[in-house]
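When a ligand or atom number is given, it counts from 1 through the structure's own listing order.
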Amino acid sequence: MASHQTLASRYDAALATLQGRGQNHVVRWWDELGVRDKEHLLGQIEAVPWDVLDRLIPTHVQSEPHGRIPTDLRPAPVFPSTPNGDQEKLYATASQRGRELIAAGKVAAFTVAGGQGTRLGFDGPKGALPVTPIGGQTLFELFADSIQAARRAFDCSIPWYVMTSQANHQATVRFFEEHDYFGLPEEDVALFEQGMLPALDFKGRLLLDRKDGLALAPDGHGGSLKALARSGALSDARQRGCSILSYFQVDNPLVKPFDPLFIGLHASTGSEMSTKVTRKADDLERVGNLCLADGRLTVIEYTEFPQHLAGQKNPDGRRTFDAGNIAIHLLDVSFVERLVAESLDLPFRRAEKVVPYIDESGRRVEPDKPNAVKLEKFVFDALPLAKNPLVLEVERAEEFSPIKNAAGVDSLETAQRAQIARACRWLESAGVAIPRKSDGTPDVTIEIAPSFALDAGEIQSKRDRLPLLRPGGSFYLQ
Ligand code: UTP
């Protein structure tokens with residue numbers, strides 16, 4: 001009886017909260033629900049940060065936010081992928097410093113894997129998707145193998161932090177357990193959840209995922225900074241003596257989490273947050289543009305980037321704003337600690353997404369185009385808050401081929417092609433002849449496991465173990 005009274009008073013409080021905001025449709029099926037369902041729904045309503053929604057619904061949901069585009073917009077200073085003559089010494093010293101930092105256990109791997117991967121439509125956490133062209137390794141397995149290979153190469157321990165969300169946490173933990181943490185010491189792998197926020201329709205009404213549950217969505221990869229602190233991962237990194245988090249997204253099988261040059265440049269320039277970019281594929285490519293905005297390093301999304309600047313060319317014909325964000329960053333542990341301690345919140349952004357929901361009649365609706373707004377923080381919004389942020393250009397074909405869609409651009413197919421093409425380039429650099437079709441594409445399927453080589457340099461040092469490639473053959477180097 002007592003618990004029913006508590007439930008009743010909690011319901012009254014929730015109803016008052018909802019009614020004041022025109023959200024009482026959320027309890028439309030209250031009378032049909034059992035006690036546990038009621039508790040579940042109340043728990044969710046009570047956990048909603050209403051102050052945040054009150055502020056953001058008018059500006060970010062019912063209308064599109066109009067961020068002020070800075071008037072003083074300049075291209076970001078970028079360290080080139082190949083050093084200019086006078087940078088050669090700097091790059092060599094930085095690479096050496098990077099190797100020393102990795103070997104000293106200063107670098108931790110940090111994967112953000114809390115997204116819902118709706119565009120891919122894979123049934124399970126995206127990291128559980130088999131992606132390698134021959135071995136069929138999953139993304140998580142591939143990253144774990146890179147970590148394992150780096151541990152061996154540098155004779156050090158490397159913790160791996162993996163951010164999940166309520167949407168996939170249990171399934172991700174199960175996947176790691178079933179695969180025995182992919183051979184990594186369990187105590188060196190930490191999975192933790194990010195925050196969730198309600199998804200809203202374009203009028204600003206909360207969507208229901210079922211009669212007793214709100215449609216919730218993870219609060220963006222920018223939510224990772226607070227989640228790192230809240231989960232204890234940040235203090236764990238600090239305790240282990242790690243000073244740098246190597247941040248990467250779960251969807252990029254080409255990522256090189258332990259890049260000595262990147263790490264060494266980051267450390268030797270006193271950067272608190274660094275980022276890799278690639279040259280843009282075209283003026284309007286759908287990537288964020290790295291710029292100096294009013295003097296601060298900032299990513300301006302392609303949707304907000306002034307068209308006339310996107311097309312601007314230098315006298316040498318190169319695009320003036322040519323640095324595209326590929327979501328590979330280094331974050332100092334002390335930087336994240338400072339942001340959290342100083343409550344330096346990243347801004348929320350509006351993301352239009354497909355969110356299944358139940359309508360007024362209780363029928364489940366699976367929309368085929370974006371029907372809702374998710375409020376998300378983006379990790380690159382921490383760049384303007386960082387001291388001495390650094391940008392390093394890399395070759396896209398070497399480091400970036402994300403799996404976003406079920407087919408077409410940025411899909412499993414393009415990522416597998418990119419893995420094979422990279423493997424061919426690495427082998428070619430070691431003098432191996434690559435059979436090619438008349439259109440120049442490789443006439444072989446090759447997979448190079450991280451345990452065999454993490455980069456072209458390692459392939460070159462294993463010349464005596466490289467195969468002769470027959471046209472049409474499959475070669476798995478592991
Ligand atoms: P995306 O922007 O591609 O979003 O995330 P998504 O949710 O994975 O996919 P869609 O848009 O629903 O198809 C880029 C990276 O950021 C992570 C994702 O897991 C992916 O590694 N991410 C995204 C989070 O960790 N949390 C989030 O809230 C959003």
How far is atom 4 (O) of ligand 1 from the closest protein heavy atom, and which atom is that? Lys353 NZ, 3.8 Å
Residues Asp219 and Lys374 bridged, charged N to O under 4.0 Å: no
Measure the distances from the heavy atoms of Gly220 to every atom of ligand 1 and state whether one is below 4.0 angstrom. yes
Where is the nearest protein heavy atom to atom 21 (O) of ligand 1: which residue, which atom, and how far? Val112 O, 2.8 Å
Please list, chain by chain and in numerical order, all residues satisfying side chain to side chain contact (heavy atoms under 4.5 Å, CB included) with Lys369, sequence neighbours excluded. none
Protein contact to atom 26 (N) of ligand 1 [nearest heavy atom, distance to 0.1 Å]: Gln194 OE1, 2.6 Å
Ranked by distance from atom 7 (O) of ligand 1, the top protein heavy atom is Gln116 N, 2.9 Å
Atom 2 (O) of ligand 1 has as its nearest protein heavy atom Arg119 NH2, 4.0 Å
Look at Glu395 together with Arg279 and state whether they make a salt bridge at an N to O cut-off of under 4.0 Å. no
Using non-hydrogen atoms of the residue, decide whether Gly223 is closer than 4.0 angstrom to ligand 1. no
Under a 3.5 Å cutoff, is there a donor and acceptor pairing between the side chains of Glu447 and Thr132? yes
How far is atom 25 (O) of ligand 1 from the closest protein heavy atom, and which atom is that? Gly114 N, 2.8 Å
Just to be sure I'm reading this right: ignoring hydrogens, which of Lys374, Gln249, Lys377 gets closest to atom 15 (C) of ligand 1? Compare them by their nearest heavy atoms. Gln249
Counting from 1, what ligand 1 atoms have a heavy atom of Met163 closer than 4.0 Å? 25 (O)
The atoms of ligand 1 lying under 4.0 Å from a heavy atom of Lys404, numbered in the order shown, are 1 (P), 3 (O), 14 (C)
Does a side-chain N-to-carboxylate-O contact under 4.0 Å join Asp455 and Lys256? no
Quick check: does Glu376 get an N/O under 3.5 Å from an N/O on ligand 1? no
Do NZ/NE/NH1/NH2 and the carboxylate oxygens of Asp259 and Lys276 come within less than 4.0 Å? yes
Around atom 22 (N) of ligand 1, find the nearest protein heavy atom and jot down its residue, atom name and distance. Gly115 N, 3.5 Å
Per atom 10 (P) of ligand 1, closest listed option by heavy atom (Leu120, Thr118, Val354): Thr118
Record the part of Ala113 in heavy-atom contact with ligand 1 below 4.0 Å; permitted values are side chain, backbone, both and neither. backbone
Could you tell me if Lys353 and Gln116 have a donor-acceptor pair between their side chains, going purely by distance under 3.5 Å? no
Kindly compute the distance separating NZ (Lys280) from OG1 (Thr278), expressed to the nearest 0.5 Å. 10.0 Å
Restricting to pairs with a member in residues 328-359, which pass ring-ring contact (aromatic ring centres under 6.0 Å, His included), not counting sequence neighbours? Tyr247-His329
Salt bridge check: are Arg338 and Glu272 linked by an N-O gap of less than 4.0 Å? yes
of all protein heavy atoms, closest to atom 16 (O) of ligand 1 is His221 CD2, 3.4 Å
